[in-house]
Q: 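If you scroll down you'll find the structure; I have some questions about it.
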Amino acid sequence: MTTLATPFSAQVNLIQPIIDGLAHGAAYGLLGLGLVLIYKSNRIFNFAQGEFAGVGALMTYMIYTGYSFLPKLPFGLAAVAGLLAGILTALATERAVIRPLFHRPRVVLVVGTVGVTLLLIGVEGLVFPRGGALPTVDAVVGLDTPYLTKIDGVPLLYQNLLTLAVLAILAVGAFLFFRHTNTGTAILAVSQDSTAARVVGISIERISMITWGIAGLLGGIAGIILAVPPAGTVLPGAFTGTILTVAFSAAVLGGMTSLPGAFAGGLLMGLIEAFANADYSFIPGLSSLPSAQSEVAVAVVLLLVLLARPQGLLGREV
Amino acid sequence: MSLLEIENLRAGYGTMPVLQGISFSVEAGETTVMFGLNGAGKSTTVNAIAGLVESWSGEIRFDGQRIDRRPMTDVVRSGIALCPEGRRVFPGLSVRTNLELGAWTRRSVTKEQMDLVMSYFPRLEERADQLAGTMSGGEQQMLAIGRAMMSKPRLLLIDEASLGLSPALTQIVFKVISQINADGTTVIIVEQNVGVLPYADQAIVMEKGTITFDGRGKELAATGDLRELYLG
Ligand SMILES: Nc1ncnc2c1ncn2[C@@H]1O[C@H](COP(=O)(O)OP(=O)(O)OP(=O)(O)O)[C@@H](O)[C@H]1O
Ligand SMILES: [Mg+2]
């Protein structure tokens, strides 16, 4: 074996993967937050979280472009409609599927959310079979370039910065919500002992509704921010197919009950993926790695973390 | 009019009846103790009063108002608090947060009531920032009673106050309960420990979903029925 190594380049081998990784990771974290919220309160994996994002993105797109009989409105209003669609979809899921099955084994509820996911993907396909994409933030605001600056030639996109900022704000906001508000504390109380919560007079129906409403809002925000080029699209099932599974891993990695954990787990997943996909031809003999390496790397890291720290990186066993 | 009136109450689980149409009343300011063997229906009775278990038929009146078939939130707000069997504190929340949640339906009274509860159980004040799940069984029992008191109830229902407590701690808990009663809260205690009898104004004995004794605590102590019930 006499493969010649190419010289190490900070731009290709370091900066590009870091920026790609953080950008993708923010997307995972954003969906991961909603997953953690529902897990904290209902102790289930909500498979429909990706499609709450999908519905939010689709509604925003259809109103922004004036699709079919819908009015064509400015992006801000279209986004509000998208967020409302996300919230209403989540509330409907809670009312129609979660509440009637509330006292069943958790696995039944999980399967229920899988059913909702398939239904939503199907309905999205009926309403809007074509693909589309939402505008990036620089286009909405009317900036000249899509990037703030270039680091060693790698552009730092406004859209990615926005995603990171929104993720950070939501993670901190959700953390404060659970720490310092009555409703947030009540959600934790219901999740720890729903009988005890009823005993102190908390209406667990109302709390469940609020929780799902927030998860729908988080989904809608994720959808609107992530359904933009180059990576994101408005396509039925796109979020479930591309982001949701990794977002699950991110949430698990972060401890499943920790909101900052979902944030950190998301970024970590993105970085692992990006570095696994990076070019390592500067190392002699490593000119070509198989292309599925990022999935393998993500899975291996996830399993290693779980074996070493079953409660996740930031999780507590409660 | 009695503070609590129960008339012909039937309740159960699924299709299995437990309470076979029981009737009794509780006077304001008194302490009522419910005795009975395992499975007699004591927990079902207090849970039905609190609204945790749905009543099938009959009436429960509190201060003259029907409270059966009302959501539990309304029952708590009307002035009834339950300290449930098995304590059921929120394990992952601090002692202070547990207490604050006890005042969920009356958020305005938190501060003054918190001081009162802490004075009943000074141990809770020392441990205010500890996670409830890491407290000892006895401390959790104090917390469960304290949490119930946070809603400033007129009627306090305590299901098995002494379960798993040392004799010394049991006596302390009984003393605090009698202090709570002296401070104006009507109390119903479900109890297997005969040591509670001196505190009982009224005593009720249940057997298989019916009431077999309902009278003054002193009378029950005199008849020796309790020895017979528990020792066979
Ligand atoms: N959630 C439930 N589902 C089905 N049956 C129940 C349930 N809770 C209680 N039971 C049954 O109802 C009957 C009365 O139970 P209950 O808990 O009221 O008795 P108890 O007098 O409190 O007994 P213990 O002294 O053991 O606490 C028992 O036969 C019990 O098995
Ligand atoms: Mg019982």
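Chain naming here is simple, since letters A, B, ... match the order of the sequence lines and numbering starts at 1 in each. Since this is a predicted model, take the numbers as computed values, not measurements.
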Q: Please check if the number of heavy atoms outside B:Glu27 that lie under 6.0 Å from its CD is greater than 12.
A: yes
Q: Let me know if B:Pro71 has heavy atoms under 4.5 Å from chain A in its side chain, its backbone, both or neither.
A: neither
Q: How far apart are the C-alpha atoms of B:Glu100 and A:Thr185, what are their side-chain angles, what is the distance that settles it, and do they pass the side-chain contact (heavy atoms from CB on, under 4.5 Å) test?
A: CA-CA 10 Å; B:Glu100 283 165 359; A:Thr185 310; over 6 Å; no
Q: If you look at every heavy atom in B:Trp104 and A:Ala186, which pair is closest and at what distance?
A: CH2-CB, 3.5 Å
Q: Counting neighbours of CZ on A:Arg106 that are heavy atoms of other residues, nucleotides or ligands and sit closer than 6.0 Å, is the number greater than 12?
A: yes
Q: Counting N and O atoms only, with roles assigned by atom type, does the side chain of B:Thr73 sit under 3.5 Å from a partner on the main chain of A:Gly201, one being a donor and the other an acceptor?
A: yes
Q: Under 4.5 Å, counting heavy-atom pairs only, tell me which of A:Ser191, A:Ala197, A:Ala189 racks up the most with chain B.
A: A:Ala189
Q: How long is the straight-line distance from CE of B:Met72 back to OG1 of A:Thr195, given to the nearest 0.5 Å?
A: 9.5 Å
Q: Which bit of B:Arg147 comes within less than 4.5 Å of chain A, counting heavy atoms only: side chain, backbone, both or neither?
A: side chain
Q: Out of B:Thr97, B:Leu101, B:Val75, B:Val89, which one racks up the most heavy-atom pairs below 4.5 Å with chain A?
A: B:Leu101
Q: More than 12 heavy atoms of other residues, nucleotides or ligands under 6.0 Å from CZ of B:Arg66: is that the case?
A: yes
Q: Closest approach of A:Ala196 and B:Arg88, non-hydrogen atoms and distance?
A: CB-O, 3.2 Å
Q: Does a side-chain heavy-atom distance below 4.5 Å link B:Val76 with A:Val200?
A: no
Q: Answer yes or no: are there more than 12 heavy-atom neighbours, outside A:Arg104 itself, under 6.0 Å from its atom CZ?
A: no
